[in-house]
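Worksheet: the structure to be examined is printed underneath.
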Amino acid sequence: MLIVDKTTIAEFLIERIKDFPKIGGLALENYIEIPPLEINYTYAYPCFPLAKIRKKDPNLIAKNLERELTIPDYLDEIKAVGPYLNFRVKSDIVLENIYNLEENYGKIREYLKKEKSKSEKIVIEYPSPNTNKPLHLGHVRNMLIGFTLSNLFKYKDHNVFQVNLNNDRGIHICKSMLAYQQWGNNTKPNKKSDHFVGDFYVKYNQMVQKNDKLEEESKKILKLWEDKDPQIRALWRKMNKWALDGFNETYNKFGISFDKVYNESEFYWKGKKLILKNLDNPNIIKQNDGAIVAKLEAKENLPDKILLRSDGTSIYITQDIYLAYLKKQDFEYDKSIYIVGNEQDLYFKQLFAVLDMIGFKEDKYHLSYGMISLPEGKMKSREGTTVDADDIIEEMENLAFEEVNERYPELSKKEKSYRAKSIGMAALKFFILKYNPKSDFIFNPKESISFEGETGPYIQYCFARIQSIFNKSEEKIDLAINYKLLSHEKEIKLIKQLNIFPEIIGTALRIYGIHLIPQYLLTLCQLFNSFYSECQVISENRELEKARLLLIKCVQIVIKIGLNILGIETLDEM
RNA sequence: GGGCCUAUAGCCAAGCCUGGAUAUGGCGUCGGACUUCUAAUCCGAAGAUCGCAGGUUCGAAUCCUGCUAGGCCCGCCA
């Protein structure tokens, strides 16, 4: 087995071109690019830098290189096109690699070189909800990013620990509690229990408009809570359980589980000691009013940050500092990742700066994702104008059920709802994951719930179509094919796309760009569908059929790897 | 007042890290393809001053500067 990627091509060129321009510090792979889709070559070397050195026309240099270079056995062709030197990798190599490695194909470089890019311990913290209201679309994005990133690290053989932090105390919780005390009549949930709790949070915010005394009342409850008033604590435990029970149901729907769940209420005061211990640090100062502040302005060019209130009590960052140590102690991690929205960008810069300042120089990363808003504007949980996580799942599944029902009315109800669940979740997950996590986007409920175009079901459909061909074909799939037969333009494009999959996986991990995987799958499936409509697989020509079967088998393998990482199921029929 | 982010066809996005081939898809619009492996599909057409103005470069959507518009954030909330 042999790997041919950008690095391979760059190594090949560097060995043979004496004046190959080595621009400082770049990784080898950066000299080579993947040509645009319409160019039927796998890799390209642009000759402009050489042209500069040699003071010659890049077109001419490309032509000369084409003549001078002996084609290595892993390439079909080296071809000068304008100022570009293009390379085409042999189909045999690509298809054999995929067929032999199967689910491991996406990590072929590590696999073959056995350079065992050492397995790291990685802690990923998400979605860290407040326990006073149900999960909404923002949490859905958070969960999908966290889950997918975890899968991606796991796929690359890292040791991933998923942890969740329940923000289960504080004034916002007390507001829901107050509303329940006032208007709840001590009733039990008559609906999904976190929704039941959330209704009281909305109720509070409605009522506080008319009666601003409620504000004070909720502060009283907070005080009572902190004084460990038994009745308030009992109410708090009861409502928190309702909220968390509801969350767990939703986590289950997404297939998410955690290695450890932290509750803010169990340690929020513990950071205090840590801060006080660092008072000898010249940048951590006790002000005249007693508050402790981290001076970040001079050194870090960040606003100063209060670490402890003037009355000595802790604030949010106090416990986050403690939690950083706690996670290190619990997992001995190499890297700690926080999945948190971009409205907290500054907060995390400050948190990390403070941690560095007090000697906690661990590898920390804030994966900051953009907000989802609705066509009419921002979602506000206070006003209950959010897109609810459970509702959107249900809506997607219902619509998928209708679609399945329309196409295959004769199927059993059980089979219909099995497919509907799978397709509905695929649509929801893919819709959110195909966007760059860093950018904001607008969720238009009417247009978003679609099973056509750039969607999860489109990818699933592709998989099922391939499966259906396997069911019909009498030929055996194996590597004993005539690779020369795969010469149709659509086939060449497909093989080119298959070849770059491991590099996509590598880049996605390096830049935390998990959207690269859905984007890649879309292109792959578009190419497949285009191939499908032009090239008949099952055929009188047995040799051709065998060749094409192997090709689409490889497509199916890669789709499966990709969807697995996204937490999307494949269906053999749909 | 300061900081960060964003701006790509009617709409939604990819591409920006690492400058390179005619700016890539989808939705919508118009036209076409099911007696052939699943039409949740495919093919074709129309549709882009890549926010504006400069700069760097052989070459800029991509890098730099300024400007405009929008979003988010800015010491005792979480």
Side-chain angles (χ1 to χ4, degrees), chain A residues 23 26-27 29-31 33 35-39 44 46-49 51-52 58 81-84 86 128 130 167 169-173 264 287 289-297 301-311 313-317 319-320 341-347 349-350 368 370-371 373 378 400 403-404 407 423 427 434-436 438-442 444 447-448 450-455 457-458 460-462 464-473 507 510-511 513 515-516 519 522-523 526 529-539 545 548 552 573-574:
Chain A
I23 310 144
L26 281 185
E29 68 201 44
N30 291 317
Y31 298 105
E33 54 190 61
L37 210 58
E38 65 274 11
I39 308 274
C47 295
F48 304 101
K52 201 165 189 179
V81 179
Y84 295 90
N86 290 338
S128 304
N130 295 335
N167 296 122
R169 52 123 233 151
I171 190 71
H172 52 291
I173 312 283
E264 197 190 320
Q287 294 182 163
D289 62 5
I292 292 175
V293 62
K295 304 303 272 183
L296 302 171
E297 218 161 289
N301 203 22
L302 290 170
D304 294 346
K305 183 75 184 169
I306 298 279
L307 303 180
L308 274 180
R309 288 195 186 97
S310 45
D311 65 4
T313 58
S314 37
I315 56 174
Y316 193 79
I317 195 169
Q319 59 124 0
D320 240 353
N342 62 12
E343 72 273 13
Q344 295 196 39
D345 282 357
L346 175 61
Y347 170 76
K349 282 184 193 159
Q350 291 175 315
S368 152
M371 254 188 340
S373 49
K378 218 182 145 177
E403 295 277 330
V404 174
R407 276 163 240 256
I423 293 167
K434 74 180 175 185
Y435 295 114
N436 188 331
K438 294 201 187 305
S439 52
D440 298 342
F441 76 89
I442 297 166
N444 188 330
E447 288 166 22
S448 300
S450 162
F451 305 109
E452 286 165 26
E454 296 177 325
T455 65
Y458 179 88
Q460 288 180 308
Y461 183 65
C462 211
R465 273 184 143 180
I466 293 172
Q467 192 56 44
S468 162
I469 295 174
F470 294 155
N471 295 343
K472 289 237 162 95
S473 172
T507 307
R510 181 172 59 82
I511 67 170
H515 66 300
L516 294 181
Q519 295 289 344
L522 283 173
T523 306
Q526 279 158 359
N529 277 324
S530 182
F531 157 85
Y532 182 92
S533 65
E534 261 187 62
C535 304
Q536 179 78 16
V537 174
I538 293 172
S539 144
E545 178 170 338
R548 287 182 168 164
I552 64 172
E573 281 179 83
M574 67 181 279

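For clarity, every value in this text was computed on a predicted model and none was experimentally measured. Just so it is clear: chains get the letters A, B, ... in the order the sequence lines come, proteins before strands, and each one is counted from 1.
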Determine the contact category for R169(A): base if any of its heavy atoms lies under 4.0 Å from a base atom, sugar-phosphate if only primed atoms, P, OP1 or OP2 are that close, otherwise nothing.
sugar-phosphate
Protein-nucleotide distance (L522(A), atom CG; G15(B), atom C1'), rounded to Å:
14 Å
Give me the distance, rounded to whole Å, that separates A48(B) from A23(B) when you measure between the C1' atoms they each carry.
9 Å
When we call it a touch if two heavy atoms are under 4.0 Å apart, what does Q536(A) touch: a base, just sugar-phosphate, or nothing?
base
Whether the side chain of Q350(A) engages the backbone of P303(A) through a donor-acceptor N/O pair (distance < 3.5 Å, no angle test) should be reported.
yes
Quick check: on RNA chain B, is the nucleotide nearest M371(A) upstream (toward 5') of the one nearest K52(A), or the reverse? Name the residue that is more 5'.
K52(A)
According to the Watson-Crick and G-U wobble definitions, with both distances under 3.5 Å, which nucleotide is paired to U41(B)?
A33(B)
Could you tell me the Watson-Crick or G-U partner of G51(B), where both distances fall under 3.5 Å? Say none if there is no partner.
C67(B)
Over how many whole Å does the gap from E452(A) atom CD to A39(B) atom C1' extend?
9 Å
Side chain of D320(A), base of A78(B): donor and acceptor closer than 3.5 Å?
no
Sugar-phosphate, base or nothing in reach of F470(A), heavy atoms under 4.0 Å:
nothing
Donor-acceptor pair, distance only, cut-off 3.5 Å: does the side chain of D440(A) make one with the backbone of M371(A)?
yes
For N301(A), I'd like to know if atom CG has over 12 heavy atoms of other residues, nucleotides or ligands within 6.0 Å.
no
Within the 4.0 Å heavy-atom criterion, would you say S439(A) contacts the bases, only the backbone, or no part of the nucleic acid?
sugar-phosphate
Touch check for C535(A), heavy atoms < 4.0 angstrom, all strands: base, sugar-phosphate only, or nothing?
base
Please determine, for G28(B), whether a Watson-Crick or G-U wobble partner exists with both distances under 3.5 Å, and give it or none.
none
Select base, sugar-phosphate, or nothing to describe what L346(A) touches, counting heavy atoms under 4.0 Å on all strands.
sugar-phosphate
Testing the 3.5 Å rule here: is there a donor-acceptor pair between the side chains of N529(A) and Y458(A)?
yes
Same-atom distance (C1') from C67(B) to G28(B), integer angstrom
34 Å
Taking CG from N342(A) and P from C73(B), how many angstroms apart are they, rounded to a whole number?
9 Å
Under 3.5 Å for both donor-acceptor distances, Watson-Crick or wobble: does G59(B) have a partner, and if so which one?
none
I'd like the C1' distance from G70(B) over to G54(B), given in whole Å.
23 Å
Could you state the CD-P distance from Q319(A) to C76(B), rounded to the nearest angstrom?
16 Å
Indicate, yes or no, whether a donor-acceptor pair under 3.5 Å links the base of C72(B) to the side chain of D345(A).
no
Between D440(A) (CG) and G71(B) (P), how many Å, whole number?
11 Å
If you define the side chain from C-beta out and look only at heavy atoms, does anything of S314(A) sit under 4.5 Å from Q319(A)?
no
Shortest non-hydrogen contact between P83(A) and P58(A), atoms and distance
CB-CB, 3.8 Å
Please measure how far the C1' atom in G32(B) lies from the corresponding atom in U68(B), and state the result in whole Å.
45 Å
Using a cut-off of under 3.5 Å, enumerate the N/O to N/O pairs linking the protein to nucleotides 42-46 of chain B.
unit_1, atom_1, unit_2, atom_2, d
C42(B), OP1, Y458(A), OH, 2.5
C42(B), O2', S533(A), OG, 2.8
C43(B), OP1, S530(A), OG, 3.1

Using purine N1 to pyrimidine N3 plus N6-O4 or O6-N4 for Watson-Crick, or N1-O2 and O6-N3 for G-U wobble, both under 3.5 Å, which nucleotide pairs with C16(B)?
none
Taking atom P in both U6(B) and C63(B), compute the distance separating them and give it to the nearest angstrom.
10 Å
Select base, sugar-phosphate, or nothing to describe what Y316(A) touches, counting heavy atoms under 4.0 Å on all strands.
base
Could you check I469(A) against V293(A) and say which one's nearest nucleotide on RNA chain B is further toward the 5' end?
I469(A)
Tell me if a side-chain donor or acceptor on K434(A) pairs with a main-chain N or O of E454(A) at a distance below 3.5 Å.
yes
Separation of C76(B) C1' from Q287(A) CD (nearest whole Å)
9 Å
Atom CG of N436(A) to atom C1' of C5(B): distance rounded to whole Å?
12 Å
Does Y84(A) lie flat on the base of A21(B), that is, centres under 5.5 Å apart and planes under 30° off?
yes
Side-chain N or O of R309(A) versus OP1/OP2 of C77(B): is the shortest distance under 4.0 Å?
yes
Pairwise P distance for C73(B) and A61(B), with rounding to whole Å:
34 Å
Using purine N1 to pyrimidine N3 plus N6-O4 or O6-N4 for Watson-Crick, or N1-O2 and O6-N3 for G-U wobble, both under 3.5 Å, which nucleotide pairs with G1(B)?
C74(B)
F451(A) CZ - A39(B) P separation (whole Å)
19 Å
Can you check the distance between U62(B) and G55(B), where both ends of the measurement are the P atom (answer in whole Å)?
14 Å
Base, sugar-phosphate, or nothing: which does I315(A) touch, judged by heavy atoms less than 4.0 Å apart?
sugar-phosphate
With side chains defined as the heavy atoms from C-beta onward, is the minimum distance between F470(A) and V537(A) less than 4.5 Å?
no
Expressed as a whole number of Å, how far does the P atom of G20(B) sit from that of C64(B)?
15 Å
Can a side chain N or O of H515(A) be found less than 4.0 Å away from OP1 or OP2 on A13(B)?
no
Reckon A44(A) touches a base, only the sugar-phosphate, or nothing at all at heavy-atom distances under 4.0 Å?
base
